[in-house]
Structures are given as structure tokens and as C-alpha cells.
Number of protein chains: 2
Amino acid sequence: MANAADCAYAVIRASILDGTFAPGSRLKEAELVEFCGVSRTPVREALRRLAAEDFVRIQRNQGAEVKTWSDDDLDDLFDLRALLEGHAAAAAARQISAAQLEQIRAAIVEMDAVLASSAPQAEQVAQFLRLNRVVHETVWEAAGSGRLQSMLGRLVEQALIAHTARHYSLARVAQSHHHHRELLDALAAGDAVWAEAMMRGHIRAARLTLKVPPS
Amino acid sequence: MANAADCAYAVIRASILDGTFAPGSRLKEAELVEFCGVSRTPVREALRRLAAEDFVRIQRNQGAEVKTWSDDDLDDLFDLRALLEGHAAAAAARQISAAQLEQIRAAIVEMDAVLASSAPQAEQVAQFLRLNRVVHETVWEAAGSGRLQSMLGRLVEQALIAHTARHYSLARVAQSHHHHRELLDALAAGDAVWAEAMMRGHIRAARLTLKVPPS
DNA sequence: GTGCACTCGATTGTATACATTAACGCTTCG
DNA sequence: CGAAGCGTTAATGTATACAATCGAGTGCAC
């Protein structure tokens, strides 16, 4: 990373996402200085950025702490995500390019391979989540709104914090996989209503995953 | 303003909104230091905040400039606003409180008074815009989603930059006024579909105002 | 004459010292 | 014994000095 500030941002952000800094934990600037290996100035800048993206909460003269998400917050978040991702899917259905369709198709094929492999389940899930992200980002991109794209990116990553250390069942993953397939059909058919409905359902189902504690 | 950083933020932001810093103009930190009367550190923090809120664009080692909005950007912005404000109106219709309804009603009554007054037209429009903001913010609040509320706040203020130095026709204001009245009816009736439709139309009409140059 | 490279100036990025604030614990008074 | 006031301390907020970077202008070589 060229910039000290970007570096601090990346390090802290990654540490929040992977659970090194648990939700609710205090982030003291002095500690982050040695953790990141840069001075306080870029650390502070990184914290402000993270606050703007709702990863941390900053109170005046009281420092930063990793944001915690209540169940209601998550409901709120996923409601908005369903609305916006549904909107994106509808827009995408109207104007998606052949290349973008192909990209989604390829990701789904890769998912097939991952799920059919004999890799450890955690590895399978990790791979699946990566490909899942590809599918969604391609849809956002096809929707053709930079603003929508960045909003969704942020919402999804906020949701990821809540996901930390939560494992997915293979059954849940399989359901997602079916959603993706049908979404692809809807997009290929150029059916905006169908695509929007599928995407909204897909997001609502994802919300449920976070509600039911893993057994 | 207690904080130097908050102070700088408020000053710069206000100057962007009122056109003192025109879209596209470069914001040099040294200039802002004397403009705001604080040191570079809080000025930089303010600029980063403004960048996070899409008021300015920052390029590495090249400083900040007031963001410019193309026609397509504004289409994009208002599309999203219509979607989100429509969603907010629908949610509000389902759960708005009597006090909030009354607040909207009072704002509309005040609008009546403003439009019937003999104040200079610019003054009338300014007052109307303030009350317009009250109506919208009350709807957002009634929707009950903090996230939606902050997103809409940002979108609206981005739109305001484009409005700078653009005057509204009284005819346009009267149309808005009618929208508000009908929106109130829909909210009072608890009719989410009606409320959403009204709000979407209201926003689309507002977009048109920015497209047609003032005569 | 044109194109490239180099230097200089201006501006942003970073580190650090200092100021300010708020929380915590102690003392003291009721 | 409890509560309120005050001082200490540990953190954040601010200013400023220094470093790195970019762009423009100039001069040299081809």
C-alpha cells in the first residue's frame, strides 16, 4: 500500500472483518499506531473513513469502537438491501451485456465445481462466498448506477461484520445457489420483474441465516 | 462550533452549498486554513468527511475539488431518490404517528401562509424550501429506518449543490405544494401504495426542474 | 525546432509535540 | 456511610515542522 493512511485503513478494516477487533471493542489510536506501523495522523484518517462507512463509531473525545449491530439494525439493513438489490436486478435485466451474463454464468459453473468437490466444508463455503460476491457485483455493475453500486457495496460489507465467525450450512448454500441460477434465467430473459423478485427473495433468505443461530 | 474540525466542515460545506465554492473549483488546504481560521489538520479532516459524503473529490497528492454533477449523475441521483423516498413514504404510511402527521400538516399550513404573503419571491421560495425539507424529513423519520434517513439526507444535499443559484418558478412551487397535500392525505389514510406513488411522482417532477434551464 | 529530462516550486502526506478534554479515584464534608 | 468536588491521568484534538510527491517551466541534446 503506497499511502500510510490507506495502509492503516486496510489493516484496521480487515481486522474488523475477520473478527480480530470484535464488535464493541474500543480502538485506541495509540494501539493502532503500533498495530499498523504508522503514526497517529494516518490512523486517525483511517478511523474517520471507517466511521463514515459505519464500521466504527466515533464519539467526541471518546475515541472509536467497532460498531455493534442489533437484530433490529440487521432487519433494517437487509430491508434496504432487498429494496436496492431488487432494484439493481430489475435494472440489470433490462440492459445487461452478453459479457456480464457470461460472467455470472461462469461464476455459477464454478460454484457447481466447488460444491461438487471434496474440499473441507469451510473451504467450500469460503469459495462459494467469493463467487457469490462476483455474481452480486456483476448485477450491480449491470444496473449502471455508480451510486447504487457503492451503496450496496457498503451495505453488504456492514452485513459481513455480523457474519463474522458464523458458519453457513451447506443446505443454505445450496438454496442460494438455486437462487443464483434462477436469477441468471431471469436476467437472460430480460425479465425485470422476475429478476427483482428473485433477488429480493434471495436477500430475505440471507437475512434468515443470521437470525437462526448455527447449530 | 466546539470542534475545530466540525467548524471547518460546517464552513466549507456551507460555502459549497451557497455557491461560494463553485463546482469544479479546487480547494487548497492552505486557503481553507485562513478561510476557516483553524490549522490544516482539522481542515483535512473536514475535506475527508466531505469527500465521504460526495461533496468533494479528493485525488492523491492532488488535493480536493468541489464535485461536479453531470446530467447523467443527476438522473442517477434522482432515480435513487425516487426509489428510496417512495419506499420511505410507503413505510411511513403504515406507521406514522399522530404527532408526525400533525407536523406535516402544520408545515403545509405554513406553506399556504408563505405563498399567500406578499414577500419577495426569492424569500417565498426560500421559506418554501425550508418547509419542504421539514415535510420530507418527517416522512423519513416516520419510516423508522435510521439508515434510510441518513442515505436520503445525503442524496438530497447532493442534489442541493446542483440547485445552487437556480431559481424556482412559483408554478413549480405550487405543483410541489399540491403533491405535499396529497401525500398528507395518503399518509393520513394509511395508504402505502398511494403515498409511495405520490412521493415518486413528486421526486420525478423535482428532477425536471433541474433539467429545464430557468428562463 | 522539437522532444526529453531535470530542477524548482507548490501542495499534499506524515510525524510529532503540545493543548484540551473527559473519565476515574481520592479526599473531604455533610 | 454516602455524595460531591477536585486533581490526576490517559486519551483525543490541534498545530506545526518536515518529507514526499506532482506539475510546470526551462534548458539541453538531437
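First the proteins, then the strands, lettered A, B, ... as listed; each starts at 1. Quick note: numbers below take in every heavy atom, side chains included, and nothing from hydrogens, waters or symmetry partners. Keep in mind that what you see is a predicted model, and the values were worked out from it rather than measured.
Checked against salt bridge (charged side-chain N to carboxylate O under 4.0 Å, His left out), A:Arg105 has the following partners two or more places apart in sequence or in another chain: A:Glu102. In this structure B:Glu65 satisfies the salt bridge (charged side-chain N to carboxylate O under 4.0 Å, His left out) test together with B:Arg57, sequence neighbours excluded. Taking the salt bridge (charged side-chain N to carboxylate O under 4.0 Å, His left out) definition, one finds that A:Glu123 meets it with nothing, sequence neighbours left out. In this structure B:Asp79 satisfies the side-chain hydrogen bond (donor to acceptor under 3.5 Å, both in side chains) test together with B:Arg204, sequence neighbours excluded. When the salt bridge (charged side-chain N to carboxylate O under 4.0 Å, His left out) test is applied to B:Arg81, the partners found at least two apart in sequence or on another chain are B:Glu85. Under the side-chain hydrogen bond (donor to acceptor under 3.5 Å, both in side chains) criterion, A:Glu137 pairs with A:Arg133, sequence neighbours left out.
Legend: ring-ring contact (aromatic ring centres under 6.0 Å, His included) pairs involving residues 15-74 of chain B, not counting sequence neighbours, sorted by first then second residue: B:Phe21-B:Phe35.
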How would nucleotides 12-18 of chain C be written as a contact map, 5' to 3', with B for base contact, S for sugar-phosphate-only contact and - for no contact, using protein heavy atoms under 4.0 Å? BBBBBB-
Secondary-structure notation, DNA chain C, from Watson-Crick and G-U pairs under 3.5 angstrom (| other strand): ||||||||||||||||||||||||||||||
